Peer 1: 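Please find one structure pasted underneath; my questions will follow.
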Protein chains: 4
Amino acid sequence: MCTVISFATKDHYFGRNLDLDFSYNESVTVTPRNFVFPMRAREDLTTHYALIGMATVLGGFPLYYDATNEKGLSMAGLNFPGNCHFFDLQEGKDNVTSFEFIPYILSTCETVAQAREKLENISIYNEPFSKEMPNATLHWMISDKNESIVVESMKDGLHVYDNPVGVMTNNPPFNYMMFALNDYASLSPKQPENTFGTPLELYSRGMGGLGLPGDLSSKSRFIKCVYTKLNSLCGDSENESVNQFFKILGSVEQQKGLCEVKPGAYEYTIYSSCCNVEKGIYYYTTYNNSRIHGIDLHDHDLDGKELTSYPLVTEEPFAIDSRK
Amino acid sequence: MCTVISFATKDHYFGRNLDLDFSYNESVTVTPRNFVFPMRAREDLTTHYALIGMATVLGGFPLYYDATNEKGLSMAGLNFPGNCHFFDLQEGKDNVTSFEFIPYILSTCETVAQAREKLENISIYNEPFSKEMPNATLHWMISDKNESIVVESMKDGLHVYDNPVGVMTNNPPFNYMMFALNDYASLSPKQPENTFGTPLELYSRGMGGLGLPGDLSSKSRFIKCVYTKLNSLCGDSENESVNQFFKILGSVEQQKGLCEVKPGAYEYTIYSSCCNVEKGIYYYTTYNNSRIHGIDLHDHDLDGKELTSYPLVTEEPFAIDSRK
Amino acid sequence: MCTVISFATKDHYFGRNLDLDFSYNESVTVTPRNFVFPMRAREDLTTHYALIGMATVLGGFPLYYDATNEKGLSMAGLNFPGNCHFFDLQEGKDNVTSFEFIPYILSTCETVAQAREKLENISIYNEPFSKEMPNATLHWMISDKNESIVVESMKDGLHVYDNPVGVMTNNPPFNYMMFALNDYASLSPKQPENTFGTPLELYSRGMGGLGLPGDLSSKSRFIKCVYTKLNSLCGDSENESVNQFFKILGSVEQQKGLCEVKPGAYEYTIYSSCCNVEKGIYYYTTYNNSRIHGIDLHDHDLDGKELTSYPLVTEEPFAIDSRK
Amino acid sequence: MCTVISFATKDHYFGRNLDLDFSYNESVTVTPRNFVFPMRAREDLTTHYALIGMATVLGGFPLYYDATNEKGLSMAGLNFPGNCHFFDLQEGKDNVTSFEFIPYILSTCETVAQAREKLENISIYNEPFSKEMPNATLHWMISDKNESIVVESMKDGLHVYDNPVGVMTNNPPFNYMMFALNDYASLSPKQPENTFGTPLELYSRGMGGLGLPGDLSSKSRFIKCVYTKLNSLCGDSENESVNQFFKILGSVEQQKGLCEVKPGAYEYTIYSSCCNVEKGIYYYTTYNNSRIHGIDLHDHDLDGKELTSYPLVTEEPFAIDSRK
């Protein structure tokens, strides 16, 4: 499935792994301030904050998987099958479809606090993008430099959870995820103290982490990624920060062959992204191209009306060093 | 500590993570056939197979961490503290120091079978490289296209183990490592069958892997890496094979901050390597440079006498995509 | 803390472990039909079903820990600290204190279905039994021969959960408990199939259960006890059934010294009970008396007005076999 | 399979669970000093220490499963399939069959130290008791008040291990068992400290034990039983000591239905024993009789020549308490 994290050194970074068994031709897409987002059940978004993120552009509409706006607010949608429920039009509510949700929030909010206010009256409207494109079953993480929240639309309504750890994966619902962390309280990058009752041998470094799960199911990825992020150490430079961010995501990367979704089909980490939210630079790697590429939001005319899309560089020659 | 794997698609690949809290200024180093390896307790190696691998070159001697020869045999030394024991000079034995061991085997053997024969009479001699450079406590994996073995010099002598899984990490001794795998027999990339006795929910993909360890201790890395390698799927192309190889190593990568070796000091994956054994191309990435670099053995005069070393490119600018 | 189970062979059995660090002088207590239960916020219970169970009798009131009525309905209260919340008097509700809850349900209901109906209008009233006796923080399991439910009074109201596994322990809330079982779907009393990817050794019987938790925390006891109960096999005789019931409870027994509640104080399984619900015989063992004692409800005048209490036989001489 | 422990409060206790899917009509059997043990490959044992223990008596020979002698030395044989290897007659060795091994050691040794000396020259001779009775595949624990050892006869000879934890189960070999404990160093009856990196909830007592295995495979039973024994607390009285001993064994009891040995057949704890080594009283319970029975060695004429056997009381009526 997927993993998203919010991470800070000197700057704030936001990004995710997309884990699927197929690709929708996604591209890094810049939406300038005057691009018109048509909306299904409310007035269109005509002037708004500029966005950068990963999207499949369909019929001129950027279906964002994750994005960041020029004010430092970020948002990502991740798979939430079984638990996700969207609603018919609700009288008196802001009815926003799931594919409009990221553009709507990022177009109009600068902070999580502002997003929270908007969420008080939002209902996720179940109209699909098109007949051929049924709604994905999603939940969302929204982050600014100071905090993160998780938004889950379920049968009993819209849940908004504080996310003190700044990580989200997939099922189960976020309150169950946070509860699951309790069982790992004693983990540590330090060697454990021996309290077993008889002399024992610390035969390896890193034994304070024993018990951490390493499989690819969504709860295990959540636990491992939270632990890795919370204990991560890195310098403040852009190079160190971005590399460390990709290492944290790498701790829960899905390798091809390890997660069967149906006989013979396997999901894997199609891309990993890391947006320097403050600089507006969106970095990514793909499964077969570990070189970090970046696109700079501010390298564009942000007052324009047209999308700019960058197809992913999914393969490129290795750098061959030579003396000749 | 470290992890080494042997992996095959169409070609055969061999490489490792080096996990330490400091670096010895290692470089990719090519040793041509006529470079003289001085030996402490036997005749020098004057004419031999050419080698490529990672080494710290000290006083003109390449202290190899891992290397491959032109005939397709590879060997790596990994930390084995506590269990490792080297010996005084043994009458009637081939006395080879630990730092000579990789050059000696790779200079003279084409296959694991030939290495096995040599090992029958070898004793690892405890003379250090220099006063300032005490012997590292090591054990070794030797691999060709068809098989791998593990060599452990312990107080009770030299142990040579078949390694049917082609992975090695650190402690405990290899027979204990292989035994540890037994507890994970039921893991699978497929969803588990429910045999618990009451209806349950498969709430995530990948639940067949539940129980796989995810911490960084050496036994856990062994189990996770073996499982990842054995279930890995990838195409035959060089690009796919090399990327998949680095993904498998990435499954047990050590992130900075996650493994404390003493207060305030942390080991991490300094470099990862992947040698296409058949083509003689040695690829690597470093902690802060995920772009894959390669050095081609056959890009050198293999009949020469001088070492050629390539300092690691440990940092380089990100690739910035732009329309301008 | 505690564990309660509902179990059936030919007959239906209901019982529990009481795990605490101190005892309240509890006794097996029979309440006949005409004993008057004074109620705090509603009319007293004057004529009702007869009960048998474990209680501390205080000021003439049987504070039942667990009990069964003559119609085959059983109920037990177990510790639920942190999550439990009781309410001020609620207008229009049946206000029942926590210590009246077991008598009230068992006095008036024959089945879980009838209890469910009563629960629709019940609010657990926060008045304590006395100034010296603050309310215990409890949740409850109610069982008849066909089904079990769990009742949890929390800040957001009274939750009633179906309990398809017929086991309850303590925290977390029951929906979290049931979710936790999902991770153990692949466990089985049969040997596992090897799907790891390399030949492995099944070195012991019982390896299909690997992963089952064995510690004494409440979630682990729940998982282990459910698994043990669901896979349990036993004959239909009273002797086999009762012994098997105590074995299932024994799988999560708390040994002295294993669970510290504060420095130097340890909780342990003070008593284990097993009521043959259909015969009305209440069996028990205590920590230092493993011999099974029983008290028969029908051995009493059920139309009486007075409680009959049987102090627990907490120690008795071992049976010494001799030829002399 | 089985579990044996050595345990001390004021007195020293030794006993075991016998876990099998069938019974050999075993009985508590007293062997007086002048009973003649016929030996296959050495002189018969004519005058020796008196023994008490569990045995199947066949053709007048007590095939002991576990026993204690009048001097305070105890010994038990437990299943060790796959790894166990017995030898042809060895010139110059004390050749002792596996069924003679317990009588031989307990007839002639007072302490583990004396047993160690004898073991230096012993070879376990592979002659079976009879054509119909092939040799069981066994290893042994020998204990006195001060220490325990494990004896394993394998293809590479007889291994004698110190057993600092005083517990033995079955496979793997004992050096692997002891190594397995290392991974559980951080377990404790105390609540864990939260070092995870974010506030978490200790939702239950006993969370310091999280990670302890609870399945019935032999390595898991070893780990759980060692942990339970090492952290056990109990008073010095005979009643408390014996009950606590059975609780420790109870922590790894095998319930019927939980461990399938072949389709439809399940092993379970047929009997549990606890010998007060100093008093010479052998206590036991059986699967369907939890009442503790005892037989006193000193209740017999120890200078006699004849075995005395006590059939196990495998079922008896419950104690029914009544006011009538």
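Quick note on labels: first sequence line is chain A, next is B, and so on, each numbered from 1. Because the structure is a prediction, the values reported are computed rather than measured. What you see below is based on every heavy atom in this structure, not just the backbone, and it leaves out hydrogens, waters and symmetry mates.
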Peer 1: So which of Gln191(A), Lys219(A), Lys262(A) has the biggest tally of heavy-atom pairs under 4.5 Å with chain B?
Peer 2: Lys219(A)
Peer 1: Name the region of Ser237(A), side chain, backbone, both or neither, that has any atom closer than 4.5 Å to a heavy atom of chain B.
Peer 2: neither
Peer 1: So which of Ile248(A), Val242(A), Thr269(A) has the biggest tally of heavy-atom pairs under 4.5 Å with chain B?
Peer 2: Val242(A)
Peer 1: To the nearest 0.5 Å, what is the distance between CD on Gln254(B) and OG1 on Thr228(A)?
Peer 2: 11.5 Å
Peer 1: For Glu253(A), which atoms come within 4.5 Å of any heavy atom of chain B: side chain, backbone, both, or neither?
Peer 2: side chain
Peer 1: Just so I understand: if I count every heavy-atom pair under 4.5 Å between each of Pro263(B), Gly250(B), Cys259(B) and chain A, which residue has the most?
Peer 2: Cys259(B)
Peer 1: For the candidates Ser322(B), Gly294(B), Gly206(B), which exhibits the highest count of non-hydrogen atom pairs separated by less than 4.5 Å from chain A?
Peer 2: Gly294(B)
Peer 1: Side chain, backbone, both or neither: which part of Tyr184(A) has an atom under 4.5 Å from a heavy atom of chain B?
Peer 2: neither
Peer 1: Is Tyr282(B) in contact with chain A via its backbone, its side chain, both, or neither, using a 4.5 Å heavy-atom distance?
Peer 2: neither
Peer 1: Under 4.5 Å heavy-atom distance to chain B, tell me which part of Tyr287(A) shows up: side chain, backbone, both or neither.
Peer 2: both
Peer 1: Are the side chain of Arg323(B) and the backbone N or O of Ser309(A) linked by a donor-acceptor pair below 3.5 Å?
Peer 2: yes
Peer 1: With chain B, which of Gly211(A), Gly209(A), Pro317(A), Gly82(A) has the greatest number of heavy-atom pairs at distances under 4.5 Å?
Peer 2: Gly209(A)
Peer 1: Looking at chain B, which one of Val261(A), Leu216(A), Thr285(A) has the largest number of heavy-atom pairs inside 4.5 Å, strictly under?
Peer 2: Val261(A)
Peer 1: Pick from Asn288(B), Ile281(B), Thr308(B), Asp296(B): which one has the most heavy-atom pairs with chain A under 4.5 Å?
Peer 2: Asn288(B)
Peer 1: Is chain B contacted by the side chain of Ile292(A), its backbone, both, or neither, given a heavy-atom distance below 4.5 Å?
Peer 2: both
Peer 1: Which answer fits Val28(B), side chain, backbone, both or neither, if we ask what part of it has an atom under 4.5 Å from a heavy atom of chain A?
Peer 2: neither
Peer 1: Is it the side chain or the backbone of Val252(A) that comes within 4.5 Å of chain B heavy atoms, both, or neither?
Peer 2: neither
Peer 1: Do any N or O atoms from the side chain of Gln244(B) and from the backbone of Lys256(A) form a donor-acceptor pair under 3.5 angstrom?
Peer 2: yes
Peer 1: Where is the tightest heavy-atom contact between Tyr266(B) and Leu233(A), given as atom of each residue plus distance?
Peer 2: CE1-CD1, 3.2 Å
Peer 1: Quick check against the 3.5 Å criterion: does Asn231(B) have a side-chain atom that pairs as donor or acceptor with the backbone of Leu258(A)?
Peer 2: no
Peer 1: Using heavy-atom distances under 4.5 Å, tell me whether Tyr283(A) contacts chain B through its side chain, its backbone, both, or neither.
Peer 2: side chain
Peer 1: Heavy-atom distances under 4.5 Å only: say whether Glu267(A) touches chain B with side chain, backbone, both or neither.
Peer 2: side chain
Peer 1: At a 4.5 Å cut-off on heavy atoms, which part of Thr286(B) comes close to chain A: side chain, backbone, both, or neither?
Peer 2: backbone
Peer 1: Quick check on Ser220(B) against chain A: is it the side chain, the backbone, both or neither that has a heavy atom closer than 4.5 Å?
Peer 2: side chain
Peer 1: Is chain B contacted by the side chain of Asn289(A), its backbone, both, or neither, given a heavy-atom distance below 4.5 Å?
Peer 2: backbone
Peer 1: Has Ser217(B) got a side-chain atom pairing as donor or acceptor with Arg205(A)'s backbone, closer than 3.5 angstrom?
Peer 2: no
Peer 1: Please classify the contact of Asn170(B) with chain A as side chain, backbone, both or neither, using a heavy-atom distance under 4.5 Å.
Peer 2: neither
Peer 1: Side-chain donor-acceptor pair under 3.5 Å between Ser204(A) and Ser218(B), yes or no?
Peer 2: yes
Peer 1: Could you tell me which portion of Asn239(A) (side chain, backbone, both or neither) has an atom closer than 4.5 angstrom to a non-hydrogen atom of chain B?
Peer 2: both
Peer 1: Is the closest side-chain heavy-atom distance between Ile320(A) and Ile295(B) below 4.5 Å?
Peer 2: no
Peer 1: Under 4.5 Å, counting heavy-atom pairs only, tell me which of Arg291(A), Glu260(A), Glu238(A) racks up the most with chain B.
Peer 2: Arg291(A)
Peer 1: What residue in Glu240(B), Lys224(B), Met207(B) has the most heavy-atom pairs under 4.5 Å with chain A?
Peer 2: Lys224(B)
